[in-house]
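Worksheet: the structure to be examined is printed underneath.
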Amino acid sequence: MPVIAFLAAVLVIGFEQLVQWRYGPMGVVGLLLLTIGVKARSATCSSMGAVVLTLLVARPTL
């Protein structure tokens, strides 16, 4: 069980670093809002995070 928890933590930290490297601080804010919204079951917070991430991903095409 500790090995699975360790691998999950490494995966999450790696994904967060990838988002920060690719999309900067706003990517981390969007990911944080999305994560908090899902864990707190807040549709508003998770929607705001999803919108921020969507705008960052779609920005080059706009």
Side-chain angles (χ1 to χ4, degrees):
M1 188 67 175
V3 173
I4 294 172
F6 177 73
L7 290 176
V10 168
L11 182 68
V12 168
I13 291 172
F15 183 71
E16 183 180 340
Q17 290 298 321
L18 176 69
V19 168
Q20 185 173 7
W21 170 72
R22 178 82 172 130
Y23 300 111
M26 283 306 293
V28 174
V29 168
L31 187 62
L32 183 66
L33 282 171
L34 183 63
T35 304
I36 290 172
V38 168
K39 287 187 180 194
R41 297 182 188 217
S42 170
T44 304
C45 190
S46 59
S47 296
M48 287 174 37
V51 167
V52 168
L53 289 175
T54 302
L55 289 174
L56 286 172
V57 170
R59 180 178 54 189
T61 59
L62 293 177

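Bear in mind that the values here come from a model prediction, so they are computed numbers and not experimental data.
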Contacts of type side-chain contact (heavy atoms from CB on, under 4.5 Å), residue T35, not counting sequence neighbours: L31, K39
For I36, all residues meeting side-chain contact (heavy atoms from CB on, under 4.5 Å), sequence neighbours excluded: L32, C45
Co-membership, hydrophobic cluster, residues V28 and V51, 4.5 Å side-chain: no
All side-chain contact (heavy atoms from CB on, under 4.5 Å) counterparts of V12, not counting sequence neighbours: none
Residue of the set S42, S47, S46 for which side-chain contact (heavy atoms from CB on, under 4.5 Å) holds with T44: S42
Other cluster members, M48 - Ile/Leu/Val/Met/Phe/Trp/Tyr, side-chain contacts below 4.5 Å: V29, L33
